[in-house]
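Everything on this sheet refers to the single structure shown next.
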Amino acid sequence: MKYQASEIEPKWQKYWEDHEVYKTDLNNPDKKLYSLVMFIYPSGAKLHCGHWYNYGPADTWARFRKLMGYNVYEPFGYDAFGLPAENYAIKTGVHPLDSTLKNIKDIRAQLKRIGCMYDSNSELMTCDPEYYKWNQWLFLQLYKKGLAYRKKSPVNWCTSCQTVLANEQVLGDGNCERCGSPVIQKNLVQWFFKTTAYADRLLEDMNLIDWPEETKTKQRNWIGRSVGAEVEFKVDGSDEVIKVFTTRPDTLFGVTYVTLAPEHPLVAKLTKPQYKISVEKYVEQTAYLTDIDRQSTTKEKSGVFTGSYAINPINGESVPVWIGDYVLVTYGTGCVMAVPGHDERDFEFAKKFNLPIRKVILQDGTNLEDELTEAFTEAGTMVNSGKFTGLNSIAGKEAIIKDLEKTGDGCAKVNYRLRDWLISRQRYWGTPIPVVYCNSCGEVPVSEDSLPVTLPYDVEFKLQGDSPLRRHAGFMNTTCPKCGGPAERDPDTMDTFVDSSWYYLRYLNPKFKDGMIDTTLTDKWSPVDMYIGGREHSVMHLLYARFVHKFLMDIGLVKTPEPFMRLVHQGTITNQGAKMSKSKGNVVNPEPYIDKYGSDVFRLYLMFMGPYELGGDWNDSGITGAERFAQRLFDMANTYTGWYKSHKSEAKYDLAELSNEEKSVYRYVNKTLAKYQHEMEHLKFNTAIASMMELSNELGKNLAACRPGLQSYTMARVTSMLASLAPHLAEEIASILGREKSLFVEPNQFVPDPEALTVDVVTIAVQISGKMRGTVDMPVDSDQETVFEAAKQNDKTGKFIEGKEIIKVIFVKNKILNVIVKQV
RNA sequence: GCGAAAAUGGCGAAAUUGGCAGACGCGCUAGACUUAGGAUCUAGUGGAGAGAUCCGUGGGGGUUCGAGUCCCCCUUUUCGCACCA
């Protein structure tokens, strides 16, 4: 009989829904397991293979844990704010709310076909005022603590999206992460969250979490902690002071000039009249450069002299002050002390402008007189360094910092590459920023009890280089919460990464009215135990969420420092080598496969393709393998219809009483159970399925020859294993066999019989002089003598030993015998 | 340039601590059953060779009785960062 997925799968989906099989009792946190996938952006496109590859196997792992007896919570929701819906509105006139709600409705129906254990009570969407209200509340809490602030700064501006972007949203090539258009720098007043205040904790707490090392490394690199010193250079003939950050205070004696970023506020002050024209010209030129041009490492160094001199505090030397675009205003202090002898960039700059190069660190094994042909950037012995000469440069760092601290010219300092999170967006479809601007009171936060600041429906979306909300008088004009006078709202909305940095807490009670999160439940259920999603979120989302979670801990809302205890990235499914995307037109639609093979077979195939973390190029040629496997198990069940009722199985069988076929089946079943459980725990779905296929091959040979009770025993275990991998099929099979309730209403996992796992005969590899020559089957734990004798008698291996002089024998019990013979 | 990961049959891939390389699946070959086969079943399937055997995990060295696995060098691919002082 053909397995008709199209009839059977909806049947079980309905059963699960009607019987609320997957409703989690959140008041009972015993053996709780919060298993989460990254929520979905509800675009107009359908769920593609990538979504399935994320959600299907993640659900399989959660089911595996559920059957082990865990109280599993598996929610799902919608990351509903964002640019694509707004861009779609500009193009078609369909309001983002309307298109988003429609998309959610469609996706909900598609999701149902996967057959995941999603708890429908948990569903949330971030565009709901009841959700984004709490984004605003979070903003106000950050504001109170000084962690949300407004400043004018050079920011990334996407020319096509017409909004600013966070640093994390600009790709390496300088283009917009969303649309790929060029990003330019604009000087704007914007809202920031002070992520840098948490930099150290974000680094340190990575010890607490079980995350892929690659992801931790990416975050570490992004945070970019570097330890050094801040040193003050007084400006000759001026009250101004140039602060520099350096990781190499030990090279301070090698400073031959100082360089400021062209945008640095001191530039105008320090430029002498006769250099004004060239400096202004240079600053203007720099402003025209895109970030890519400017940051290209292949670009030749450029810069101009300001006419001013700075005093090196360590030796009182006067050095010229230059400006150069290789100095970034956004990193450190925006000024560097240039040590051309021991820094590649300074070396290049000095060569170009004929500035002196001084050797202050001597490379071991070289002479003081040797000329530097390139910067020596490693540690060595300090030379030409006053009283520090002769000191090892690593010790010299400390010594010089101490000296600077004594004189008040500098101090130890830690710097970060991480910058504060820019959250303002000049777009409509997001959370309004809860701040008003009053002519007399200035910047005033909206009071908490008047939240939410509701996003108006009737706006004009057209992009005019500014937030669409600014043109909505009803929204913009308000009264000042402080003085009651007329005031204007902030026209910008928040980055949608704010929404996604705490949604996992809201899931536990999305309808909660009395606060951002229902702490009676989040205390029990957070942190998330398993989080599965793509590598593309390695930095942005996962870093922001960690930041917000830590902040929530600081204000007492959550009790743990980290949001996601275990993280797994599923691999990417590509098509013809390229990442699937609507614009490339290479998206593989799973629906035809679901129609033809059913959701379970498709899920099985996705998991069987290869290691979960690896992904791979899409190729459907192997799906028939999964189909045959499913069909074979279905056929097998049909030969044992009602078996559970008519033929009760024992809890355990005595090997001595079993026939050879029975023994083989009994051993195989238990061996597979052990293997399967180990593989599933580590999300190695491909090998878990392979082991079940092996079992299925064995059962095809020997199950028919077994006593009926053992057949029931076997099928119960097969069904239990299959339940996580192919839930609909497993339910159907169990029901054919005579089970009366769902497989998922109670723990349903079998412990392998340890006696079945111990073998009495082992196959031992025999090597002669390290070459594989054959194998011998021996009773378990046979000693060297016995195995050696058997190897001599063996047809294949004996002839290599016969008559040879034996030099040495290596023997590993139950594994290998290696006989080293004298070569003739 | 720096950092991370990877490279195994025609293809997707397996290989607890160094111990029978290629499990499992796709495909392919042959056979069976069939009016039919893009169904199912059976057998075979890394390469060379009639065979005994020999050769084989990107390339080159090394450690070891024994290396896909450990060490060194190189090549290629993917990803991340990229003048971060």
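Letters A, B, ... mirror the listed sequences (proteins, then strands); counts begin at 1.
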Listed nucleotide nearest any side-chain atom of A:N818, set B:C54, B:C20, B:C65: B:C65
Across all chains, not counting sequence neighbours, the side-chain hydrogen bond (donor to acceptor under 3.5 Å, both in side chains) partners of A:R225 are A:D200
By ring-ring contact (aromatic ring centres under 6.0 Å, His included), which residues pair with A:Y53, not counting sequence neighbours? A:Y612
Over all strands shown, is A:T763 touching base, sugar-phosphate only, or nothing at heavy-atom distances under 4.0 angstrom? base
Of the candidates B:C83, B:C54, B:C24, the side chain of A:K301 sits closest to B:C83
The criterion is side-chain contact (heavy atoms from CB on, under 4.5 Å); which residues satisfy it with A:E698, sequence neighbours excluded? A:S664, A:V665, A:Y668, A:N702
Does the A:N794 side chain pair with the main chain of A:T797, one donor and one acceptor, at a distance under 3.5 Å? yes
Hey, does A:T247 reach any base, or is it just sugar-phosphate, or nothing, if we go heavy atoms under 4.0 Å? sugar-phosphate
Sugar-phosphate or base contact per nucleotide [nucleotides 8-16 of chain B; S, B, -; heavy atom under 4.0 Å]: ----BSSS-
Can you confirm whether or not the ring centre of A:Y257 sits under 6.0 Å from the ring centre of A:F349? yes
Contacting residues from residues 626-634 of chain A, given that a heavy atom lies under 4.0 angstrom of RNA chain B: A:R628, A:R632
When the P atoms of B:C81 and B:U16 are compared, how many Å lie between them, rounded to an integer? 33 Å
Which nucleotide sits closest to the side chain of A:E694: B:U53, B:C79, B:C24? B:C24
Considering residues at least two apart in sequence or located in another chain, which fulfil the ring-ring contact (aromatic ring centres under 6.0 Å, His included) criterion with A:F497? A:Y544
Under the rule syn = chi within 90° of 0, otherwise anti, which is B:G9? syn
Of the options B:C20, B:G27, B:C65, whose atoms approach the side-chain atoms of A:I820 most closely? B:C65
Winner on side-chain proximity to A:N697, out of B:G25, B:A85, B:C54, is B:G25
Measure from the side-chain heavy atoms of A:K596 and tell me the nearest of B:C65, B:A85, B:G38. B:G38
Identify which nucleotide among B:U53, B:A85, B:C20 has an atom closest to any side-chain atom of A:V327, counting heavy atoms from C-beta outward. B:A85
